[in-house]
Chemist: 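Before I ask anything, let me first share the structure, which is written out below as structure tokens.
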Amino acid sequence: MLNIQNLKVSFGDKEVLKGVDLTVNKGDVVTFIGPSGTGKTTILKCINYLVEPDEGQMQLLDVSADFKNINKKEILQLRRNTAMVFQQFNLFKNKTVVENVMDAQITVQKKSKKEAYEKSIDLLEKVGLLEKENEYPSRLSGGQQQRVSIARALAVEPEVILFDEPTSSLDPELVAEVLKVIESVAKTGVTILLVTHEMSFARKVSNKIVFMEKGKIVEEGSPEQIFENSQNERTKQFLKNYYAEAAEMMEATQ
Amino acid sequence: MLNIQNLKVSFGDKEVLKGVDLTVNKGDVVTFIGPSGTGKTTILKCINYLVEPDEGQMQLLDVSADFKNINKKEILQLRRNTAMVFQQFNLFKNKTVVENVMDAQITVQKKSKKEAYEKSIDLLEKVGLLEKENEYPSRLSGGQQQRVSIARALAVEPEVILFDEPTSSLDPELVAEVLKVIESVAKTGVTILLVTHEMSFARKVSNKIVFMEKGKIVEEGSPEQIFENSQNERTKQFLKNYYAEAAEMMEATQ
Amino acid sequence: ACNEESVTDETASEEVRTIQVTTPPTSKNLSWQTPDGEILGYEPDVLRAIDEKLEGYEFNIQAVADSAQETGLKTGKYELNVGGFYPTPERKEQYYVPEEPNGRSLIKMYVREDSDIETLEDLVGKNITPFTAGGGTLQVVLDWQEENPEHKLDLEESSGDIPYAQRLKEIDSGKYDAFVGPANLGQNEVIEELGLKVRGTDPIYVGETILLIHKSEENEQLVEEVNQALKELREDGTLSEISEEYYGEDIFQYEVTK
Amino acid sequence: MDAPNTLEIISLLLEVAHVSLIILVVSAVLGLLLGSLLTMINVKDIPVLKQFTVVISSFTRSVPIIIQLFLVYYALPPILANFGIDASNLSATVAAILALTLYHGGYLTEVLRAAYKAVDKGQHEAADSFGYTPTKKFFRIILPQVVPVALPGWGNALIHLIHDTSLVFALGVADIMGRAELIAAASFGMNQVTVFITVAIIYIIFTFLSDGMVRLFEKKTRKYKLDSGLNARGM
Amino acid sequence: MLNFEILVENFFGILNVVPQTVALAVTIFILSILVGTVMALIQEYNVPVIKQIVMLFKLFMRGTPLIVFIFIMYYSLPGIVSFFTNLLNLDYNPHNMSPVVILIVAVSLTVSSFQAETIRASFLSVSYGQIEAARSLGYTPFQAFLRIITPQALVEALPEFGNAFLVVMKAISLGFMITVVDIFAEARLIAASNSYYVEAFIVAALMYWGIAYIVVTLTNKYESSLARRT
Ligand SMILES: Nc1ncnc2c1ncn2[C@@H]1O[C@H](COP(=O)(O)OP(=O)(O)OP(=O)(O)O)[C@@H](O)[C@H]1O
Ligand SMILES: Nc1ncnc2c1ncn2[C@@H]1O[C@H](COP(=O)(O)OP(=O)(O)OP(=O)(O)O)[C@@H](O)[C@H]1O
Ligand SMILES: [Mg+2]
Ligand SMILES: [Mg+2]
């Protein structure tokens with residue numbers, strides 16, 4: 001349902017994505033892992049055209065676009081089929097928590113206020129933020145902002161959700177909660193693209209892992225393939241620290 | 001060397017810290033863990049008086065202040081003895097990467113430009129960002145910003161460093177790097193206060209763990225005490241997911 | 001009869017041309033507007049007298065500030081301006097100017113009562129209040145200066161926004177030694193009202209003032225008729241009467257200075 | 001007429017206050033619309049039109065208002081006549097409103113442009129990512145964040161406009177300043193100081209009301225707690 | 001319809017006073033920024049009593065038509081100054097005070113009350129995290145202000161500073177009332193002497209526009225270079 005060919009992005013004269021190809025099926029949970037600054041965020045932002053690629057084609061559901069001459073209608077369609085949780089949250093500063101979650105439902109999906117409100121309250125309860133309903137984002141702690149941002153993306157029930165490090169500010173309890181939420185969403189057939197650096201989270205949540213480095217996809221496969229049978233030296237090295245940690249943990253909790 | 005008594009903070013009529021007492025010795029690495037929104041960030045910000053406490057006393061090195069009538073000189077002293085890595089990074093937007101790291105050295109510590117530059121380059125190399133030296137923060141990925149922010153705090157060689165989730169945007173490779181950096185800094189006798197939600201990181205880096213909930217310290221002790229022999233039900237529950245994860249990992253990597 | 005009347009009405013309205021006429025709003029007694037919109041003064045009354053004489057024209061008299069007057073006259077918004085204008089070559093170049101003047105301008109010096117200033121020569125080394133920029137008074141003094149370069153005067157110009165009453169007070173207070181200006185702007189009233197120890201000298205200059213008319217083919221006829229009307233008004237003493245009314249004297253009694 | 005006393009001066013001036021107010025309010029509203037339009041063209045970077053806005057705004061902001069008033073009132077009708085448009089009946093009040101609208105609009109363009117650019121890029125990204133149309137994004141997310149930053153500049157623009165309305169007297173419009181000049185002239189300028197101070201007080205009241213309105217909006221937008229500014233957290 | 005000879009003549013006539021007009025405008029502009037910044041800071045930091053005084057002063061300055069204020073200053077500034085010089089036993093006769101000085105004082109004070117608002121708004125565009133970061137590193141308020149806040153606020157303030165400069169350019173033409181001659185005053189002088197009003201105004205308008213064009217180009221350049229840096 002999502003198909004990307006030869007995606008290239010540069011900022012100024014710096015090439016950040018150097019020809020990425022990717023195929024994702026409906027209901028997949030695809031996780032991007034890789035070193036900092038390799039272009040993981042950039043890939044997600046190309047899918048909803050927040051970053052303008054230099055080259056490449058993409059098919060998403062019934063939208064089929066060449067990035068070189070994509071038109072406004074296609075862009076709007078792409079964006080309405082997707083929702084994104086940003087690495088820096090980007091909550092609407094002028095709206096309260098519940099308004100943040102409601103707004104796109106009302107504005108984009110033309111839902112009634114009541115309907116949008118009920119859905120929002122429901123989601124805020126799921127992420128444990130009911131009591132902050134009427135707070136403005138600037139008054140929230142990091143983890144609280146991140147959870148609002150997740151609720152906001154889920155609220156529009158998109159075909160594809162793009163999560164950019166959705167658990168970076170969350171403690172293990174909440175990570176487990178978010179994991180549950182993502183799993184339940186994935187079960188309804190929603191496709192999920194995710195960037196994370198928490199390997200155990202990646203392993204549990206995804207059915208496909210993509211390892212990137214320096215603007216290229218180095219290896220992709222099932223979590224078992226990547227985490228246990230990686231054929232690629234660079235991948236192995238990247239995961240070395242993860243193995244070491246796991247080993248240590250083993251020791252400690254034995 | 002750091003002593004806090006009866007620290008109380010409210011935002012509006014919401015009490016966020018409800019009487020916190022804390023003693024930290026020189027060279028300690030103290031890690032705060034706990035659910036989102038409990039006041040971990042707030043504690044760190046009280047120590048350099050970015051948040052104005054309602055009540056409480058604090059001794060830090062030779063500064064001894066009652067928060068109720070602290071004066072400007074004391075505030076400046078507190079701030080010059082500490083440095084902070086923010087959860088949202090807060091890099092100076094109008095300065096390049098290297099200028100971000102240099103600026104406080106020049107402005108506050110009156111170092112020569114050359115000296116400041118050399119130290120900054122050194123630190124940027126340590127966090128793997130030498131090539132971004134002349135980039136502006138808005139051009140950096142999340143992980144890159146976080147690393148600049150760490151370098152900036154280390155550059156002023158403070159007595160106490162306050163890290164607020166310093167690894168939230170970093171992949172396992174970089175987490176290992178940062179761990180090394182923090183350990184080496186701690187060895188030089190610098191005191192470190194840290195907030196993190198990565199339990200294995202907390203365990204490895206600290207010699208004291210403080211578990212907080214709802215604005216109070218629930219339990220504190222050595223990593224072994226907290227992670228292996230916690231006496232507190234809430235702590236145990238909070239760490240449950242961490243244990244589960246460790247167990248799963250064990251299975252997977254066996 | 002009905003028929004006839006309507007016909008004459010039509011021809012009349014066809015023939016009567018409305019002329020936009022302007023006059024200064026804040027130069028009492030030359031020309032000023034009261035808060036309820038009435039336009040009074042020597043110049044407006046002269047205009048009304050002309051209007052009465054001209055069959056084919058009707059004057060619509062408005063009060064607007066001086067720079068607006070000349071700007072509007074040049075672009076054709078206004079057809080006829082009055083305002084104590086002096087004849088200059090540039091004015092004659094740009095506008096139609098009836099040969100017959102419509103008034104006289106007397107320039108006097110206002111000095112402290114105990115002052116011995118009587119002529120322009122006496123102003124050498126004295127503090128003179130700034131002249132209204134480019135005004136006729138300044139021109140007169142500059143012309144004199146040119147003929148008498150040995151008596152060097154210290155001349156300054158300003159926008160003229162500081163009212164004459166204030167200027168006279170500055171003479172009284174000693175800030176300045178002399179104020180030179182047209183005598184038709186209520187100086188006597190001010191001196192009397194405020195009890196200032198200031199007196200006016202004899203006129204140092206008497207000049208003719210003119211009407212300005214927008215240059216267009218249409219107006220050639222108008223100039224002729226206005227000229228004729230002015231001549232008649234002057235001869236039958238109407239102008240002198242108006243002068244008596246506003247200035248308390250007949251300005252036409254003074255000989256024009258060469 | 002005897003020289004009026006201070007009370008009479010006040011009532012004489014207030015008699016024409018509505019003239020000043022109408023000119024002020026109409027050109028403030030139209031100017032805001034024009035300024036918004038020019039800003040939009042500017043930030044959207046629409047070619048040609050953008051150059052045009054730069055020309056308009058640099059001209060209207062720099063040329064003395066009195067010249068602009070003359071241009072509209074005296075020069076515009078003959079120019080339009082060349083294109084077969086008859087504007088010879090353009091009244092002084094309408095001309096004044098037109099000129100002041102252009103001036104106010106040009107001024108506001110700069111205020112609004114700066115405030116627009118102060119909005120964080122992430123806010124645009126977030127709205128775009130949900131498929132907000134540009135209009136929806138603008139009105140629901142961006143504008144509410146532009147307003148608090150633009151308010152002080154808008155307040156300045158309004159005060160400049162209030163003062164500049166006093167120049168319309170030059171065209172013969174009987175506004176407060178015009179009436180004041182007439183009252184002063186009637187006494188040969190002897191009571192000019194009193195008249196001027198009275199005018200100043202009336203204008204101070206106008207600006208007080210205008211600033212009060214701006215403050216009211218500021219209070220309304222303060223609830224967003226945008227978390228910027230020197231004492232964002234009341235420190 | 002226009003007389004080109006006169007246009008050319010006027011152009012050089014008015015060009016003569018451009019340098020002094022611009023110099024005067026720049027002086028007033030800089031003074032007004034300094035005073036305005038102080039007022040904005042007092043207001044932002046809520047300094048008690050002084051804040052109320054500043055608010056009152058601003059209300060008065062913003063409300064009073066400049067022409068009236070210049071009038072007031074013309075008659076009262078020498079007296080005010082002599083009060084202080086007498087107090088300090090200085091040997092200075094303020095009654096010879098140059099009208100240029102009076103104009104500079106009057107316009108600077110007026111414009112600074114507008115600049116205060118501009119500067120206040122520009123502070124509003126700096127996100128609080130930036131200030132927190134500077135504080136956490138031990139910057140004094142002044143250092144934080146100079147090195148972190150100002151450069152970021154300037155991006156926001158520049159266009160309005162452009163506005164303010166043009167306002168000053170125009171405002172000084174009121175100085176003609178007290179004999180200070182600037183571009184517009186020179187145009188009126190020339191017009192009054194030769195009755196070619198339209199020509200003089202056209203040249204003056206072009207002169208102002210030309211200066212504005214230079215100012216706008218310069219601030220835009222500087223603005224985009226600042227913006228690129230954030
Ligand atoms: N606006 C921009 N202008 C110039 N360069 C940019 C810009 N945004 C990102 N980059 C560069 O592009 C590269 C990829 O950035 P991206 O944000 O996609 O990395 P990432 O893989 O998400 O990293 P992280 O894990 O640290 O978030 C980085 O090297 C970054 O410096
Ligand atoms: N400026 C503020 N105004 C009002 N409430 C605030 C403000 N800042 C924080 N809070 C509230 O104070 C509480 C503690 O916040 P704090 O940032 O210290 O939490 P935290 O423990 O760091 O959480 P996290 O792990 O999610 O970062 C939160 O409930 C938050 O909503
Ligand atoms: Mg990223
Ligand atoms: Mg926090």
Side-chain angles (χ1 to χ4, degrees), chain A residues 41 44-52 63 72-96 99-110 134-140 145 148-149 152-162 164, chain D residues 36 40-41 43-47 112 114-152 154 214 216-235:
Chain A
T41 298
L44 294 194
K45 285 191 177 173
C46 285
I47 292 172
N48 56 10
Y49 204 71
L50 289 183
V51 164
E52 266 177 71
V63 189
K72 280 195 184 152
K73 217 182 122 230
E74 287 167 341
I75 294 173
L76 216 56
Q77 266 180 303
L78 286 184
R79 289 177 177 169
R80 291 194 171 169
N81 285 327
T82 59
M84 181 159 183
V85 174
F86 292 86
Q87 196 168 2
Q88 329 278 17
F89 321 144
N90 290 347
L91 293 179
F92 297 136
K93 292 185 195 174
N94 59 320
K95 302 207 174 277
T96 61
E99 284 168 358
N100 259 282
V101 185
M102 285 166 69
D103 205 69
Q105 297 179 60
I106 295 170
T107 315
V108 179
Q109 307 190 317
K110 314 287 177 204
N134 294 316
E135 247 341 329
Y136 282 89
S138 62
R139 302 294 173 93
L140 299 181
Q145 289 188 35
V148 176
S149 158
R152 181 176 69 170
L154 295 175
V156 294
E157 300 177 340
E159 299 290 332
V160 179
I161 307 195
L162 312 167
D164 197 356
Chain D
S36 309
M40 201 189 80
I41 292 170
V43 297
K44 293 253 168 203
D45 226 336
I46 303 173
L112 296 175
Y116 181 87
K117 291 200 168 156
V119 177
D120 196 22
K121 190 170 151 246
Q123 299 292 308
H124 288 271
E125 286 194 339
D128 284 342
S129 77
F130 285 106
Y132 281 58
T133 60
T135 326
K136 291 272 188 193
K137 174 176 83 172
F138 178 73
F139 282 106
R140 297 184 73 95
I141 310 299
I142 307 303
L143 186 64
Q145 299 186 39
V146 167
V147 168
V149 183
L151 276 176
W154 184 55
V214 173
L216 203 76
F217 282 124
E218 271 185 17
K219 255 198 197 123
K220 286 209 158 150
T221 56
R222 200 165 292 150
K223 71 162 199 227
Y224 297 144
K225 310 199 176 61
L226 296 182
D227 208 35
S228 50
L230 299 185
N231 61 356
R233 311 251 169 88
M235 275 181 75

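Excluded from the calculations below are hydrogen atoms, water molecules and symmetry mates; all remaining heavy atoms, backbone and side chain alike, are included. The shown structure was predicted, so the numbers you read here are calculated from the model rather than taken from an experiment.
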Chemist: CD1/D/Ile141 to CG/A/Asn100 distance, rounded to the nearest 0.5 angstrom?
Modeler: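 Reported value, rounded in 0.5 Å steps: 7.5 Å.
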Chemist: For A/Asn81, which atoms come within 4.5 Å of any heavy atom of chain D: side chain, backbone, both, or neither?
Modeler: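 Neither part, no heavy atoms under 4.5 Å.
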Chemist: Within this structure, what is the CZ-NZ distance for the pair D/Arg140 and A/Lys95, rounded to the nearest 0.5 Å?
Modeler: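 That separation rounds to 5.0 Å.
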Chemist: Holding to side chain to side chain donor-acceptor pair (under 3.5 Å), I want the full list of residues that pass it with A/Thr41, two or more places apart in sequence or in another chain.
Modeler: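 Result, side chain to side chain donor-acceptor pair (under 3.5 Å) vs A/Thr41: A/Gln87, A/Asp164.
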Chemist: Please determine whether the number of non-hydrogen atoms from other residues, nucleotides or ligands lying under 6.0 Å from atom NZ of D/Lys219 exceeds 12.
Modeler: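 No, because the 6.0 Å sphere around NZ of D/Lys219 holds 12 heavy atoms or fewer from other groups.
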Chemist: A/Lys72 versus chain D, heavy atoms under 4.5 Å apart: side chain, backbone, both or neither?
Modeler: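 For A/Lys72, there is no contact with chain D at all, as no heavy atom is under 4.5 Å.
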Chemist: Checking side-chain contact (heavy atoms from CB on, under 4.5 Å) for the pair D/His124/A/Leu50: CA distance, chi angles, key distance, verdict?
Modeler: CA-CA 9 Å; D/His124 288 271; A/Leu50 289 183; over 6 Å; no
Chemist: Which value, rounded to the nearest 0.5 Å, describes the distance between D/Asp128 atom CG and A/Asn48 atom CG?
Modeler: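 That separation rounds to 8.5 Å.
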Chemist: If I take atom CG from residue D/Leu143 and atom CG from residue A/Asn94, how far apart are they, to the nearest 0.5 angstrom?
Modeler: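 CG of A/Asn94 is found 9.5 Å from CG of D/Leu143.
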Chemist: Supply the atom-to-atom distance D/Phe130 CZ to A/Met84 CE, rounded to the nearest 0.5 angstrom.
Modeler: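 So the gap between those two atoms works out to 10.5 Å.
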Chemist: Among all residues two or more places apart in sequence or in another chain, which pass the salt bridge (charged side-chain N to carboxylate O under 4.0 Å, His left out) test with D/Lys117?
Modeler: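 Applying salt bridge (charged side-chain N to carboxylate O under 4.0 Å, His left out) to D/Lys117 gives none.
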Chemist: To the nearest 0.5 angstrom, please state how far the OG1 atom of A/Thr107 sits from the NZ atom of D/Lys137.
Modeler: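 The NZ atom of D/Lys137 is 13.0 Å from OG1 of A/Thr107, to the nearest 0.5 Å.
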Chemist: Taking side chain as C-beta onward, heavy atoms only, is D/Pro144 less than 4.5 Å from A/Phe92?
Modeler: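 They are not in contact (no side-chain heavy atoms under 4.5 Å apart), so the answer is no.
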Chemist: With a 4.5 angstrom heavy-atom cut-off, could you sort out which part of A/Leu162 is near chain D: side chain, backbone, both or neither?
Modeler: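 When you check distances to chain D, no heavy atom of A/Leu162 falls under 4.5 Å.
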Chemist: Are the side chain of D/Tyr132 and the backbone of A/Ala104 linked by a donor-acceptor contact shorter than 3.5 Å?
Modeler: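 Yes, D/Tyr132 side chain to A/Ala104 backbone: donor-acceptor pair under 3.5 Å.
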